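Just so you know, these numbers come straight off a predicted model, no measurement behind them. Residue numbering restarts at 1 for every chain, and letters A, B, ... go by the order of the sequence lines.
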Amino acid sequence: MSSIFSRFVEIDLVDKRVTDFKVSPDYIRDYIGGASLAARLYLDIADPGVDPLSADNPLFVMCGPMGGTNFPGSSRFVMCAKSPLTGIWGESSSGGSLGAYLKKAGIDGLVIRGKAVAPCYLFIDDGKIDILDAADLWGLETYSAIDHLREIHAGEKKVSVASIGPAGENGVKFASVCNDKAHHVGRTGMGAVMGQKNMKALVVRGSGKVPLADEAGYKQARKNTLETAKESMITMSFNQVGTAAAMEMGMMTGDVPIKNWSVGLDDTIPEAIGGSVMVETIVKKRKACFACPIACKPEVVIESQKYVMDRGPGPEYETCGTFGSMLMNLDLAGLSKANERCNQLGMDTISCGATIAFIMEAYEKGLLTQEKLDGLDLSWGNIDATIELLDNIAYRRGFGDKAAEGSADLAANLGNGADEFLVTVKGLELPMHDPRGFHGMGLAYMMSTRGACHLQHSCQAVEQGMVAWDDAGLEEDYEGPSSDGKAEMVFITENIGQMANTLCTCHFVHWAIGMENLIDGFNAVTGLGYNLDAFMKAGARAWVLKRSIGNLMGITAEDDRLPARVLTPLEDGGSEGTIPDMSLLKREYYQLRGLNENGIPSAELLDSLDLGFLKERLQAV
Amino acid sequence: MAQLDVFSEEWCKLWKDMLNENAVFAKYNKGWEGDLAGVVQADPDNNFPEEQYLYLHFHDGSAIDVKMITKEEAQKCKFIMTGPYMRWYQVAKGDLDAVKAMMQGKLKLKGNLPYVVKYVKGVQESIKTMQGIDTNFPNE
């Protein structure tokens with residue numbers, strides 16, 4: 001018996017109706033689960049032209065097929081909808097336990113439709129689903145809401161809670177969903193979509209056992225996988241130093257963005273806010289997601305004079321970038337507090353911090369004044385003013401109301417050359433990896449189906465040399481600041497990375513265990529019998545499907561480009577004097593992927609991936 | 001200067017001297033304390049018949065000692081980096097980045113990783129310095 005696809009549920013918040021629905025076996029074979037299956041279902045039920053912040057924008061909460069098993073790193077979940085920040089396909093996944101509990105409750109996916117007349121939350125207690133009143137929860141910050149819901153639903157088996165904060169309630173375009181405090185559905189504004197639906201939280205208790213297609217095969221696959229993970233330097237690095245190790249490593253290679261992407265090197269930054277100093281000063285413990293052998297999540301305590309933080313989730317590398325190097329802030333305590341406030345208010349630390357870096361540069365250039373910023377002095381490095389701004393954004397107070405729209409909207413409204421230092425692709429702020437240091441990452445940003453992203457593919461791991469997957473057709477060693485051979489690398493790593501998001505597996509665990517272990521585990525759980533070719537083809541299908549949805553939402557070849565700032569060579573650092581050859585990369589990539597000159601999948605490509613049904617719809621674009 | 005055999009006494013001494021003349025190494029190694037053993041596994045097919053043990057002792061930006069040691073001595077070092085001869089050769093020739101080699105499991109590190117991460121630039125610079133030696137490798 002296979003574990004996958006036993007139950008999909010549509011939840012109509014208008015009528016408070018909960019209805020099971022069937023998913024075609026063809027869909028399961030071709031799209032498997034997670035974001036890929038959500039994208040396919042989206043095309044069946046939604047109008048791509050829908051206003052993202054309207055009741056008609058369905059929100060998907062999806063598991064992967066291996067969720068709830070104890071296969072390493074397999075229990076993430078993903079939320080998908082049209083993004084209010086970018087206006088295109090949005091998806092964002094989270095670790096923790098919620099994905100596992102959902103699956104153990106016997107549920108593979110939820111489609112949440114409509115808008116509740118009053119604040120509500122979903123409570124899934126094993127198979128039973130209730131839509132409950134959230135009047136008392138509305139207005140609470142995420143940590144408080146999570147504590148409250150844990151108390152209400154305390155039982156023999158604990159619940160996992162995902163909640164929005166004030167930012168989601170107030171439609172902040174980069175609002176996140178906070179999952180058990182330490183995990184976040186961060187990117188593309190899924191918190192705002194939840195908020196628009198008057199849905200405060202999702203509470204899940206799951207105590208069932210997930211069935212396996214091949215119990216003996218599973219046992220062996222898991223054993224092999226754990227042995228591989230144990231030996232992996234990725235496991236050791238993420239466990240001992242955390243993701244913030246990328247600050248030290250990246251400063252050397254030109255990966256770390258500094259001062260809104262305008263500076264190439266500053267050795268004081270890793271000394272102040274890098275992974276090793278975090279270990280030495282604030283990290284008290286590492287915590288793990290469900291069934292994870294790595295345990296990379298930092299639990300920190302801050303006891304500075306200015307900022308005090310009880311033991312709780314600490315900043316990851318991305319946040320050390322957005323609230324550290326990007327703002328020229330070397331105060332680790334302030335950075336950690338900004339991270340905590342974003343978590344509590346329910347905001348993506350990448351888009352939020354990057355937007356503030358943009359604001360700081362606009363302020364420096366005189367496009368914004370202290371008066372316009374409600375008296376805040378947003379000079380470089382001013383973390384105190386930054387922290388004050390966070391509440392203004394979440395509650396849409398004063399200038400915070402404008403910042404809540406994201407940096408692309410701010411730049412459009414400011415004019416006067418502000419777009420020269422706006423750093424987004426398709427409206428999504430770049431994560432903290434400089435494409436000048438790693439040209440493949442630049443192409444991956446350009447082509448990502450949700451806007452600039454480092455986790456819609458496995459490019460980072462391959463191009464930075466953390467993994468070498470020759471079985472997938474990749475070379476052993478890529479030179480970072482070079483565009484040669486990168487189109488093919490991105491093409492392959494996109495197909496791989498899409499599968500991590502389809503299976504809802506952790507990218508870090510995937511990097512540590514490699515392709516063979518993952519496919520063996522997948523087959524043992526599902527019985528689908530995929531080989532590497534089928535796996536890669538399913539990844540390609542997922543990418544093309546989401547790209548097509550993007551096309552239906554208005555994306556064309558014009559949108560596949562990097563912003564001017566990261567096409568300006570830096571004067572020092574690991575990426576000194578080099579920029580991605582955008583024209584070469586795009587030309588080679590389009591050819592490899594099979595996109596026409598307008599950036600739309602060709603009919604041949606669609607047919608080859610069993611996506612022929614899209615031909616007619618794409619012809620109208 | 002004549003070519004020096006890799007891991008010979010002269011080769012080790014020259015590497016140590018070059019490190020102590022390298023201001024960049026001194027800058028990025030400042031604060032480091034501890035010794036590191038490089039375990040170079042045998043590879044008879046490449047004319048490297050026996051496992052050898054390289055010893056590096058750095059202290060606060062200076063190279064205190066670079067020499068070959070015994071297996072027993074290597075096992076007492078604060079950090080131990082192990083790999084096949086050809087991987088070390090690739091690193092020495094600049095064909096393989098040492099950090100990438102560790103991440104990919106081509107060289108295995110035993111020891112406090114956060115400490116190594118903190119001084120990663122110093123580690124890189126020490127290898128870069130060694131690449132400046134005109135070296136005779138047994139497989140060439």
Undergrad: Please report the closest heavy-atom contact between B:Met103 and A:Gly465, naming both atoms and the distance.
TA: CB-O, 3.9 Å
Undergrad: Which bit of B:Val117 is near chain A, if near means a heavy-atom gap under 4.5 Å: side chain, backbone, both or neither?
TA: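 Both backbone and side chain.
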Undergrad: Measure the CE-CE distance between A:Met466 and B:Met102 for me, rounded to the nearest 0.5 Å.
TA: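 Output value for this atom pair is 13.0 Å.
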Undergrad: So for atom NZ, which belongs to B:Lys78, do other residues, nucleotides or ligands contribute more than 12 heavy atoms lying within a distance under 6.0 Å?
TA: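 Check passes, neighbour count above 12.
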Undergrad: Could you pull out the closest heavy-atom pair between A:Ala468 and B:Lys106, with the gap in Å?
TA: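 Shortest heavy-atom contact: CB-NZ, 4.4 Å.
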Undergrad: Would you mind checking which part of A:Asp267 comes under 4.5 Å of any heavy atom in chain B, side chain (CB onward), backbone (N, CA, C, O), both or neither?
TA: side chain
Undergrad: Do A:Glu248 and B:Lys121 come within less than 4.5 Å of each other through their side chains, counting heavy atoms only?
TA: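 Result no, sub-4.5 Å side-chain heavy-atom pair not found.
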Undergrad: Checking A:Met233 against B:Leu113 for the side-chain contact (heavy atoms from CB on, under 4.5 Å) test, could you report, in this order, the C-alpha distance in whole Å, the side-chain angles of both residues, the deciding distance, and whether it holds?
TA: CA-CA 10 Å; A:Met233 190 69 180; B:Leu113 184 64; 3.3 Å; yes
Undergrad: So which residue, B:Leu109, B:Val116, B:Leu96, ends up with the most heavy-atom pairs under 4.5 Å with chain A?
TA: B:Leu109
Undergrad: More than 12 heavy atoms of other residues, nucleotides or ligands under 6.0 Å from CD of A:Glu299: is that the case?
TA: yes
Undergrad: Around atom CD of A:Glu303, are there more than 12 heavy atoms of other residues, nucleotides or ligands at under 6.0 Å?
TA: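 It does not: A:Glu303 CD has 12 such atoms or fewer within range.
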Undergrad: Using side-chain heavy atoms (C-beta onward) and a distance below 4.5 Å, is A:Glu231 in contact with B:Lys108?
TA: yes
Undergrad: Other residues, nucleotides and ligands only: do more than 12 of their heavy atoms fall within 6.0 Å of NZ on A:Lys284?
TA: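 Enclosed.
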Undergrad: So which part of B:Tyr28 gets closer than 4.5 Å to some heavy atom of chain A, the side chain, the backbone, both or neither?
TA: side chain
Undergrad: Could you tell me the separation between the CD atom of A:Glu280 and the OH atom of B:Tyr115, rounded to the nearest 0.5 Å?
TA: 9.0 Å
Undergrad: Within this structure, what is the CG-CG distance for the pair A:Asp477 and B:Asp97, rounded to the nearest 0.5 Å?
TA: 7.5 Å
Undergrad: Does B:Glu51, at its CD atom, have more than 12 non-hydrogen atoms belonging to other residues, nucleotides or ligands within less than 6.0 Å?
TA: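 Above 12, so yes.
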Undergrad: Taking all atoms of both residues into account, what is the closest heavy-atom pair of B:Lys118 and A:Ser276, and its distance?
TA: CB-OG, 3.3 Å
Undergrad: Which is it for B:Gln124 and A:Met252 under the side-chain contact (heavy atoms from CB on, under 4.5 Å) test, yes or no, and what are the steps along the way?
TA: CA-CA 9 Å; B:Gln124 294 281 49; A:Met252 210 166 53; 3.5 Å; yes
Undergrad: Is B:Lys100 paired with A:Glu476 through a side-chain N to carboxylate O contact shorter than 4.0 Å?
TA: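 Salt bridge flag = no for B:Lys100 with A:Glu476.
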Undergrad: Who among A:Val277, A:Ile234, A:Val279, A:Val241 has the most heavy-atom pairs with chain B under 4.5 Å?
TA: A:Val241
